[in-house]
Amino acid sequence: MTTERYNPREAEPRWQKKWDEERLFETDTGVSNTKPPYYVLEMFPYPSGRIHMGHVRNYAMGDVVARYKRAKGYEVLHPMGWDAFGMPAENAAMQNKTHPKGWTYDNIAAMRKQLKSMGLSLDWSREFATCDPEYYAQQQKLFLDFLKHDLVYRKSAKVNWDPVDMTVLANEQVIDGKGWRSGAEVEQRELTQWFFKISDFSEELLEAIDGLDEWPAKVKLMQANWIGKSRGLQMKFDLTEPAVGFDGFEIYTTRPDTLAGASFMAIAPEHPLAVALAKENPELAEFNKEVRKTGTSAEELETAEKQGFDTGLKVRHPLYDGKTLPVFVANFILMDYGTGAIFGCPAHDQRDHDFASKYGLPIIATFVPSDCDDEPDAFVSSEPYVPLKSETVKWINQPASVATATGQEAIEATIDWAEQNTLGEGKVQYRLRDWGISRQRYWGCPIPVVHCPSCGVVPEKEENLPVQLPDDVTFDVPGNPLDRHPTWRDVACPECGEPAKRETDTMDTFVDSSWYFARFITPHEKTPTVPEQANRWLPVDQYIGGIEHAILHLLYSRFFSRAMSIAGHMEIKEPFKGLFTQGMVVHETYGNKDIGWFQPAELLLEEVDGKRIAKRLDNGEIVPIGSIEKMSKSKRNTVDPDDIMQTYGADTARWFMLSDSPPDRDVEWTDAGAEGAHRFVQRIWRLVQNWQDVLSETSMPETVSGKAQDIRKASHKTLKAVGEDIEKLAFNRAIARLYEYCNTLSGVKPDQADPEVASVMKEGVSFHIQCIAPMMPHLAEECWRSLGYETLVSATPWPEYDPALAVDDILIMPVQINGKKRADLEVNPDASKEEIEAASLQLDVVMKYLEGRDPKKVIVVPKRIVNVVI
RNA sequence: GCGGGCAUGGCGGAAUCGGUAGACGCAAGGGACUUAAAAUCCCUCGGCCUUAGUGCUGUCCGGGUUCAAGUCCCGGUGCCCGCACCA
């Protein structure tokens, strides 16, 4: 019997059109809908121009969840949009003399077409781009609300300035001292900026991490580290003589137990005391200026010498009468952590040790290992002693209460002691800073305020929103075109009506993505959200995206939910109930730095004498095969999803992306793997075609037996397992089971089938098609039709397995002797421990090993194993 | 430096709470069908063996707990990730 091969190029668009016509994936988010809501969301893409395999993997996963949950009876919200503001559009505008708007919307159109060809079950009626005035109008509304609720403020701050993109970057966007996008060395500049008060939420954002039990532990840890809570002691050190209006200054330390070993003080060059002193001391002024020039890159910081400037000032040591400590201005003290001032204890800190060694300062130990009998200060003279957490130490020079404590206990004891003696107080510090959102760019959401010479900073009136970006801009010079726009900038003050100037900074694009998930619920309302609908649909039940957003985007979104709750837009604090971070798509690389890199499509791969070689298609030259790396434009190891979908169809691409690796790990794209997936597509098709005629007329009898019963049990077991695997997002395991099940079903031949077998095969093949439908929806529809169903499988409820059929009738238990498997025992699943033990001891193999003796012990774990100990 | 993770055949990976290690897929080898190829189907596939046996050995290395360890504990090695002059 021959059957036509399944032709995805013909079938896929046909079914996509059908789903569209039926409006199958449009969601009723109204509050009167009684179906349980389920919100599944994949991180929306930046419209760079074309989708890549990472998108295919991400959206394939989300679509499995969406289709499965829909079949399980949920009202599923599965929307798509575009994170459309940002630098690349402006770069393209500069390079190609296009307009960011045209470039962006053209890209969106191209990528929408690509995504549609994947057959994703998305509600396209909710689509928006963050650069749509309809969207950013509501974002401006949120900004004004945040302003009202004191969640936004303006301050002059040292900012990270990207000299290539000519913009300010958030701390999170500076990687190794370089701009996250441009890669340029970041400079420090003083500018007046808008900030969101995320640091007000440090403790809350940290504490709530515990409740995120459907988030990866790794992401939770990264967020906790980022927030960076530490407990320490803040205390004032008094100057021996008041100077420039200061009688002393506050320091912060997480190691108060080293106070006795303090041998110098150091303050940041930006510290008010340093600044005041510099006004009177040109040498110090010069020092401060020099220090500020030093870059912030990792290498520079590592190699940068510790530099200090001795101010000549002294403070009194709080523990020892008459003892004084010199005050330095030092390059390694950060103004924005703690109080910008420290005491240095060289004996127990590498940095302080370096500094003290350079400037000839004393090194005084406050503790030594408990077995150290040496002269304590000699012990720490060449390197600092930093004990392990669990290590017990011998205290020297400590306040009495500390002397018996260890580790964290000692720190707490010192804080208590300092509080009792009114020297200072215990204080919690966070690493998290406020979020600077001002960007000196055109292609972003305008900050809706006006600067008036008489009224100051005036919020734009709500009825004037959106403050819309002007279209008539040019990009022939770097910088922000809004700054030099002739008319857009000049406006009347919303308050007094006098001539004023618009804020020309736009918002960081991370603002756009911090609330889009809420907007999808009511994408076209005249308010940012409709609170009762937002409360019903949020948090997002399952959010899926890359680990690269573990800190930035997710933390900002968590802040935004809280801020939006305060402003009355919803009552949800945590935006994402379940989070899943998928691995990357990786591919072999071809070439090297010297000869350049080649795309897979430019090469012929073959095997010669067991070794794989890559040959250029144009001239036959051999190109070295490099390491397996993330698909990237720079290494040119990308595979175009369009090519794959043209060759094999969307279903094959989706199936392969889900099959090989666990979804949180990297998956390697290989042609062989894609072909394997495609073989399976054809195998399913053949299975259905072969059985088509036999199955159409049959119906399930009350009971079946023998071979038919075996098939039936396999069907129900598979159905159960696949459902459980999908719930756990273990797509690779679900797929392995479906391969196994296909092998089982393919082993039955239609021409030998009696009516009973035919009826269980109908059930089995139908189950199988329903199980693959979330992953390969087009093929599933085609097969479903072939099986004689007139409905759409995409609109068919998930079948229920029969628990009685999903268990085995006869259990085969392994029987071990002294922990080594020696036999199999067939037992009734309900057999008692005693019955199993008795049966085991009757086995020939067991009797042979026992040689007539009694076993020392027999361990029977029902449904698992028997172990006979001799 | 600090914090975290991972390690299983030629490869990707399975293995629920400690209970048959290697499911499933890829690659490879052999065979069938065919004039031939493609497609398809069948078989083999961790290592070792004078005994081919429900034989021995085997989940990075060394110890331990247990009737039983890929899984738990202690020590080490290698790789990966995050943060980092944060006091």
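Residue numbers begin at 1 in each chain, while the letters A, B, ... track the order of the sequences. Worth saying up front: this structure is predicted, and the values here are computed from it rather than measured.
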Output field: ring centroids Y359(A)/F328(A) closer than 6.0 Å:
yes
Within 90° of 0 counts as syn, otherwise anti: where does rG22(B) fall?
anti
When the C1' atoms of rU65(B) and rG18(B) are compared, how many Å lie between them, rounded to an integer?
11 Å
Could you check which of rU40(B), rU54(B), rC85(B) has an atom nearest any side-chain atom of K821(A)?
rU54(B)
For L738(A), report the nucleic acid contact type (base, sugar-phosphate, nothing); a contact means any heavy atom under 4.0 Å.
nothing
Using the C1' atom on both, measure rA21(B) against rA14(B) and round to a whole Å.
10 Å
Atom C1', compared across rA84(B) and rC45(B): separation rounded to whole Å:
49 Å
Salt bridge present between E724(A) and K728(A) (N-O < 4.0 angstrom)
no
By nearest-nucleotide position on RNA chain B, the 5'-leaning member of V845(A) and R255(A) is V845(A)
Nearest-nucleotide wise, let me know which of Q816(A) and I342(A) is further upstream toward the 5' end of RNA chain B.
Q816(A)
Does rG13(B) have OP1 or OP2 under 4.0 Å away from a side-chain N or O of R733(A)?
no
Return yes if the base of rC67(B) and the side-chain atoms of K856(A) contain a donor-acceptor N/O pair under 3.5 Å, otherwise no.
no
rA14(B), OP1 or OP2 - any side-chain N/O from N732(A) closer than 4.0 Å?
yes
Ring centres under 6.0 angstrom apart (H716(A), F767(A))
yes
Base, sugar-phosphate, or nothing: which does E740(A) touch, judged by heavy atoms less than 4.0 Å apart?
sugar-phosphate
It should be established whether R679(A) places a side-chain nitrogen or oxygen under 4.0 Å from OP1 or OP2 of nucleotide rC26(B).
yes
Side-chain N or O of R231(A) versus OP1/OP2 of rC86(B): is the shortest distance under 4.0 Å?
no
So, is N743(A) near the phosphate of rG25(B), with a side-chain N or O under 4.0 Å from OP1 or OP2?
yes
